[in-house]
Amino acid sequence: MAKNYVKYHKKTDVGPNQRLRRRSVFLILLILVAGFGAVIARLAYLQLVQGSYLQEKAVEQQLTDTTVSAKRGTIYDTNGKVLAQSASVWKVVLAPAYFETEEQRVQVAKDLAEILELDENDVYEKTKQNSYYVVVKRKIESDTREEIIKLQEKIEEEYNLSNVIQLLDDYRRYYPYNDLASSVIGFTGSDDQGLEGVEYQYDSYLTGTPGRIVTAQNANGTDMPFQYEQNVKAEDGNSIYLTIDETIQSICEKYMKKGIEDNAVANRGVCIAMDVDTGAILAMVTVGGYDLNNPYKLPENTQKEIDALPKDKQGSATSAALSQMWRNKAISDTYYPGSVFKIITASMALNEGVVDDNSTFYCNGSMTIADAKPIHCHLLSGHGTQNFTQAICNSCNPAFIQIGQKVGTEKYWQYYQSFGFSERTGIDLPGESEDIFFSQDGSMTSVDLAVASFGQGISITPIQMITACASVANGGYLVQPYVVRQIVNSEGNVIENVDNKIKRQVISKEVSDKMNEILEYNSTTGGANNGYIAGYRVAGKTGTSEKLTSTNGSEDYIASFCGYAPADDPKIAMLVFFDTPTGASYYGSQVSSPVFINIMSEVLPYLQVQAEYSDEEMQYVDTTAGAYVGMSVEEAKSKATEAGFTTTVKGDGDKVVSQIPAVSAKIPNGGNIVLYTDSSSEKEKVTVPDLVGYSISEVNSIASNSGVNASISNAGASSAVVSVSQDIEPGKEVSPGTVVTVKFAASETLND
Ligand SMILES: [Zn+2]
């Protein structure tokens with residue numbers, strides 16, 4: 001289209017000031033070259049070499065910018081799994097100035113509207129603009145692109161117009177795991193700008209530098225043909241590696257979702273898993289999350305409620321529901337930590353040296369401070385005299401009021417601040433809230449101190465709680481939690497490594513060690529549901545805290561468990577909390593501990609923390625049965641014995657033709673493997689006995705006498721457990737050796 005150029009630019013005669021004019025033009029261009037690069041060079045060449053007249057103002061007018069999307073960087077989990085990425089799509093751009101007839105406009109508008117599923121009149125309006133750049137639709141996929149290419153060919157053939165429709169690069173954000181870690185990752189808007197989570201917080205890194213289409217215009221302001229437009233190439237954004245581990249995140253989400261369902265939780269749940277030494281967040285869950293590929297879609301029941309509202313109320317209700325859904329509860333909501341906070345009060349008292357192993361605390365069921373109402377213990381009859389460890393294991397409120405009194409308001413306030421409360425943790429995510437404390441200056445009353453000692457009256461964020469807990473676990477160091485560990489450029493070169501930050505030492509290593517010991521003891525003695533995992537040393541504390549709200553006339557609670565493992569060398573700290581469970585129980589020990597246990601049972605082996613079983617645990621640790629088929633009877637018997645199993649041989653053959661349990665079935669140590677040497681004996685059946693209501697050893701003996709194997713599930717180290725269910729009903733006929741899984745629970749009321 002070089003001919004058009006000549007048409008649009010007036011040639012002038014060469015005058016006496018020509019040299020000067022050329023120099024000033026050159027200077028102006030030199031300044032602009034820095035910004036516009038190649039296109040200016042080209043224009044300069046045309047202007048100067050061809051001797052065109054150019055005024056300063058004209059230069060500005062002759063250039064307009066249109067941005068070209070840069071490819072946004074990828075978000076990876078810590079192991080390089082893609083959590084968010086930008087896929088190529090296209091932008092359909094119209095250059096209506098090329099149209100020569102009304103018929104062409106009408107026909108192209110019709111075709112475009114059909115392919116792009118747009119309103120025909122809207123598209124037609126665009127065909128009337130005197131421009132070479134009108135965006136018709138963004139983010140079209142490759143199948144639509146194919147149709148546009150066909151339309152381009154048709155237009156070229158029928159009207160001999162080649163540039164009237166353009167396809168330009170564009171990108172669409174895509175989240176391969178849908179709702180996984182939604183509150184952490186966040187999402188982007190229609191212009192690819194980060195709106196929530198890491199997408200928002202790290203937007204300037206991810207976004208890249210948009211390219212430009214520079215268009216030369218004629219004096220009338222009409223864009224010039226595309227041949228004079230030049231692409232300034234877009235620069236891809238940087239990519240980000242999170243500290244989040246997709247595997248751990250998935251395990252947490254799986255059990256958190258189950259916890260929400262099992263306990264009819266009304267107001268969502270939170271789980272945070274943290275590396276205790278660095279503050280790196282391994283998993284951060286808010287359930288229910290939302291689909292990152294469809295972030296404006298509300299849960300069905302919420303949508304129904306909104307639809308039922310009057311029309312004029314729907315808009316504000318929708319935005320309120322959306323921001324609630326997007327809200328990262330782990331950092332944005334505050335809650336009363338309840339008894340979990342006794343970890344902090346106990347650590348303060350030990351570090352101040354105001355308590356030791358010989359200290360005793362008395363509980364008669366309640367305690368009165370000043371002229372306030374009596375504060376009750378959860379055990380109304382009272383715990384009597386307790387030492388420090390017993391006070392923690394009993395989760396006795398009056399004992400903790402006494403511990404708080406020994407610390408005193410001044411020291412309590414100092415430690416409260418030192419443990420990272422009263423300030424944001426500074427995690428690299430948007431929307432972190434501050435905690436709510438009695439007063440800014442820390443002038444606590446004796447009643448304030450009493451309730452704060454057992455975790456009421458102070459409203460903190462979950463991220464503050466887990467960070468303080470990590471400092472108790474890791475030798476006393478308060479770390480700064482973070483979710484991004486590395487930023488790399490589009491060539492994969494590291495441009496920033498995030499170093500973990502230790503803020504200060506809060507308690508001594510000795511106090512940390514002592515707390516690890518006490519909290520491990522608490523986990524193993526508190527009953528089957530208190531955080532105990534066979535083979536692993538877990539330290540932790542349950543909490544059941546009252547909220548100031550009520551649902552359906554009954555008081556609302558938060559059920560939580562905060563702990564870490566392994567207790568003798570802590571690596572991972574985790575907080576599990578459910579806001580307003582409305583099911584059978586609202587106790588932390590019943591609602592949150594099982595979820596904590598289930599998650600840790602999978603996460604610790606994944607982190608290659610070796611299980612170490614005590615002799616007692618070995619009695620009911622399950623092992624894989626192993627393969628015996630094809631072996632001689634003698635061979636099979638000796639292999640099974642070596643693996644710690646007993647055997648029963650059925651049939652008169654020499655070789656094992658089948659076995660029960662199956663090769664990969666898990667059976668308890670000392671379980672029985674039935675070896676069949678001919679097929680006729682396989683028809684033999686035994687009857688499943690009733691295994692509910694017994695101790696572990698009773699269950700093992702009944703099962704063995706009946707010819708089945710019992711797999712013990714959920715039994716704590718405490719012997720005070722009783723079987724509560726079995727997965728195959730009594731009376732059912734099964735093959736000998738069949739594994740019946742028997743679930744246990746604590747036989748006594750659990751603390752707190
Ligand atoms: Zn008590």
Side-chain angles (χ1 to χ4, degrees), residues 336-350 352 354-408 412 444 446-458 514-515 517-532 539-547 555 557-563 585-593 716 718 720 746-752:
Y336 290 162
S339 296
V340 165
F341 202 80
K342 287 170 182 163
I343 296 174
I344 307 302
T345 308
S347 301
M348 296 179 188
L350 279 176
E352 274 304 296
V354 295
V355 293
D356 60 27
D357 285 340
N358 300 320
S359 309
T360 56
F361 309 92
Y362 186 74
C363 165
N364 66 4
S366 77
M367 203 166 161
T368 307
I369 308 295
D371 48 5
K373 279 191 295 183
I375 297 167
H376 292 283
C377 189
H378 61 89
L379 188 64
L380 295 177
S381 57
H383 285 105
T385 303
Q386 310 148 82
N387 66 25
F388 186 62
T389 301
Q390 286 167 333
I392 294 175
C393 295
N394 290 336
S395 199
C396 174
N397 287 349
F400 266 82
I401 294 172
Q402 294 160 49
I403 293 167
Q405 286 171 337
K406 283 178 185 285
V407 174
Y412 186 97
M444 301 170 78
S446 56
V447 179
D448 294 340
L449 177 66
V451 294
S453 298
F454 57 89
Q456 287 290 144
I458 42 173
K514 179 76 184 168
M515 284 304 297
E517 194 185 295
I518 295 173
L519 291 173
E520 186 197 355
Y521 185 69
N522 178 55
S523 291
T524 42
T525 55
N529 286 328
N530 218 2
Y532 170 80
K541 183 78 194 75
T542 55
T544 310
S545 48
E546 290 172 39
K547 291 178 71 181
E555 251 177 301
Y557 292 91
I558 284 179
S560 62
F561 190 98
C562 191
S585 170
Y586 56 79
Y587 286 107
S589 54
Q590 303 288 337
V591 174
S592 297
S593 300
S718 156
S747 56
E748 58 195 325
T749 312
L750 297 168
N751 296 323
D752 201 7

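Counting convention: from 1, in listed order, for ligands and their atoms alike. Quick caveat: nothing in here was measured; it's all calculated off a predicted structure. Numbering of residues begins at 1 and proceeds along the displayed sequence.
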Problem - Derivation of the side chain to side chain contact (heavy atoms under 4.5 Å, CB included) call for M367 and I369 - result: CA-CA 7 Å; M367 203 166 161; I369 308 295; 4.3 Å; yes

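- Between F341 and Y412, the ring planes are tilted. Angles from 30° to 60° get that label.
- One finds the CD1 atom of I403 at 6.5 Å from the CD1 atom of I392 (value rounded to the nearest 0.5 Å).
- Atom CD1 of I518 sits about 12.0 Å away from atom OG of S523, to the nearest 0.5 Å.
- A distance of 11.0 Å separates SG of C363 from NE2 of H376, quoted to the nearest 0.5 Å.
- Distances shorter than 2.8 Å separate the Zn ion (ligand 1) from the protein N/O/S atoms C363 SG, C377 SG, H383 ND1, C396 SG.
- Distance OH/Y557 to OG/S585: 10.5 Å, rounded to 0.5 Å.
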